[in-house]
Amino acid sequence: ESQLNPNYNFDNFLEGDSNRLARSAGLAVANKPGGTSFNPLLIFGGVGLGKTHLAHAIGVDIKDKYPEKTVLYISAEKFTQQYIESVKKNTRNDFIHFYQLIDVLIIDDVQFFSGKSGTQDVFFHIFNHLHQNGKQVILTSDKAPVDMQDIEQRLLSRFKWGLSAELQTPDYETRISILKNKLYRDGVDMPEDIIEYVAKNIKSNVRELEGAIISLIAQSSFNKREVTIELATQIVEKFVKNTKREVSIDYIQKVVSDYFQMDVATLQSKTRKRHIVQARQLAMFFAKKFTKASLASIGSQIGKRDHATVLHACKTVDNLAETDKQFRKHLEDLTKKLSQ
Ligand code: ADP
Ligand code: MG
């Protein structure tokens, strides 16, 4: 079982300036898996920009051209679970052996390996084996290797061996072609001004773009509603609101330091000055609240503190919010800014 999804292929991965490099590199790898200098090929970019789609497309294309090759797609999360399971069952060697026999290994969302040293270690050995034997490794991540946190140096340096290709937010032209392609495939007609309205208003995420057009298609074909700009406006608004933007810890630190008129380095510094300590504690509190990062990962990203410091910060913020009116105001202001 390759776990590949044939619906994610190159034909329906539309090309634009925002993805040309990554797409071409993917095609090159698919033509000669293990035989290019793009090994590993690391595709990185924000949420909903097509990393998973492109990763599958490469695998699907390889399977097409080289049916005898074993291609495996797996999320970093599932890989981690399998590894933990193997340790429990005392089958760690079988786990390693299984992965070392694969010709093309695709691991999605490797940022999930952050802070997981056992998994990183086992992946390091599998990676080396595959690479030495001319096998292809394809990885995706939400960040470039230079920005990855809590990944061992030796693994990061492997990530940088091949090519890191970014998927950027699609420009207007690409957004239009993605929408038109979707409509064409579904056999639906939509007025040009509606398509343009959607493409103009949903900019940062292809998944949202698709979601909005799917809603519009559903409204027009199942509810028999006329697709007007008013309807498009309602749907676009709902989409942009419903899909809560994932805020990053970097972004939180930026917003908090801007608010207190200091720079991020000051916020992270070792100083014990009260207002700086409070800013830092607020940043930790929001990182806990608005991201999925672990306490340890939050601490290491906000001035190299440990998880206990983060936990303490969150408690302090809760306490101060109850007892200190001025502080509560800061908390409310910042919550508003970060929820926008
Ligand atoms: P990510 O893994 O980066 O979060 P996905 O690969 O899940 O993003 O993509 C989100 C959605 O957007 C998917 O339905 C995917 O098919 C679609 N998509 C992304 N980029 C493109 C593209 N260039 N052309 C067509 N569809 C795309
Ligand atoms: Mg994905």
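Counting starts at 1 for both ligands and their atoms, in listed order.
At a 3.5 angstrom cut-off on N or O pairs, Leu54 does not count as close to ligand 1. Polar contact check, Gly48 against ligand 1: a nitrogen or oxygen pair lies under 3.5 Å apart. Among the atoms of Leu49, some N or O lies under 3.5 angstrom from an N or O of ligand 1.
The contact set between ligand 1 and Val206, taken as ligand atoms under 4.0 Å from a residue heavy atom, comprises 12 (O), 17 (C), 18 (N), 19 (C), 20 (N), 21 (C), 27 (C). Atoms of ligand 1 found under 4.0 Å from any heavy atom of Gly46, numbered from 1 in the order shown, are 3 (O). When each atom of ligand 1 is checked for a heavy atom of Asn19 under 4.0 Å away, the hits are 23 (N). In summary, the atoms of ligand 1 found under 4.0 Å from a heavy atom of Asn12, numbered by their order in the structure, are 24 (N), 25 (C), 26 (N).
Protein heavy atom in closest approach to atom 11 (C) of ligand 1: Glu210 OE1, 3.6 Å. Here the protein heavy atom with the shortest distance to atom 7 (O) of ligand 1 is Arg207 NH2, 2.7 Å. For atom 8 (O) of ligand 1, the nearest non-hydrogen atom of the protein is Gly50 N, 3.0 Å.
A heavy-atom distance below 4.5 Å is not found between the side chains of Ile138 and Leu105. For the pair Lys135 and Gln100, the minimum side-chain heavy-atom distance is 4.5 Å or more.
Not less than 6.0 angstrom separates the ring centroid of Phe123 from the ring centroid of Tyr83.
The proximity of Leu14 to ligand 1, defined as any non-hydrogen pair under 4.0 Å, involves the side chain as well as the backbone. Neither the backbone nor the side chain of Glu15 comes within contact range of ligand 1; no heavy atom lies under 4.0 Å.
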Practice problem: Begin with the C-alpha distance, continue with both residues' side-chain angles, and end with the deciding distance and a verdict on side chain to side chain contact (heavy atoms under 4.5 Å, CB included) for Gln82 and Phe95. | Solution: CA-CA 8 Å; Gln82 285 181 2; Phe95 174 86; 3.6 Å; yes
Quiz prompt | Asp17/Arg20 under salt bridge (Lys or Arg N to Asp or Glu O under 4.0 Å): CA gap, chis, key distance, verdict | solution = CA-CA 5 Å; Asp17 287 345; Arg20 188 162 291 116; 2.6 Å; yes
Exercise. Would you check, one step at a time, whether the test ring pair (Phe, Tyr, Trp, His ring centres under 6.0 Å) holds for His275 with Phe260?
Key: CA-CA 8 Å; His275 72 287; Phe260 290 111; 7.9 Å; no
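Around the Mg ion (ligand 2), the protein N, O or S atoms found under 2.8 Å comprise Thr52 OG1.
Of the listed residues (His53, Lys51, Glu208), the one carrying the non-hydrogen atom nearest atom 16 (O) of ligand 1 is His53.
The pair Lys337-Asp333 fails the salt-bridge criterion, with no side-chain N (NZ, NE, NH1 or NH2) lying under 4.0 Å from an Asp/Glu carboxylate O. Taking 4.0 Å as the cut-off between side-chain N and carboxylate O, Asp318 and Lys289 do not count as a salt-bridged pair. The pair Lys78-Asp109 does not count as a salt bridge, with every side-chain nitrogen at least 4.0 angstrom from each carboxylate oxygen.
Ring orientation note: the planes of Tyr99 and Phe79 are nearly perpendicular, at an angle over 60° on the 30°/60° scale.
Using a 4.0 Å cutoff on heavy atoms, Gly45 does not count as a contact of ligand 1.
Between the side chain of Arg305 and the backbone N or O of Gly303 there is at least one donor-acceptor pair closer than 3.5 Å.
The number of heavy-atom neighbours closer than 6.0 Å to NZ of Lys315, taken from other residues, nucleotides and ligands shown, is 12 or below. By the 6.0 Å contact criterion, NZ on Lys116 is enclosed, its count of non-hydrogen atoms from other residues, nucleotides or ligands being greater than 12.
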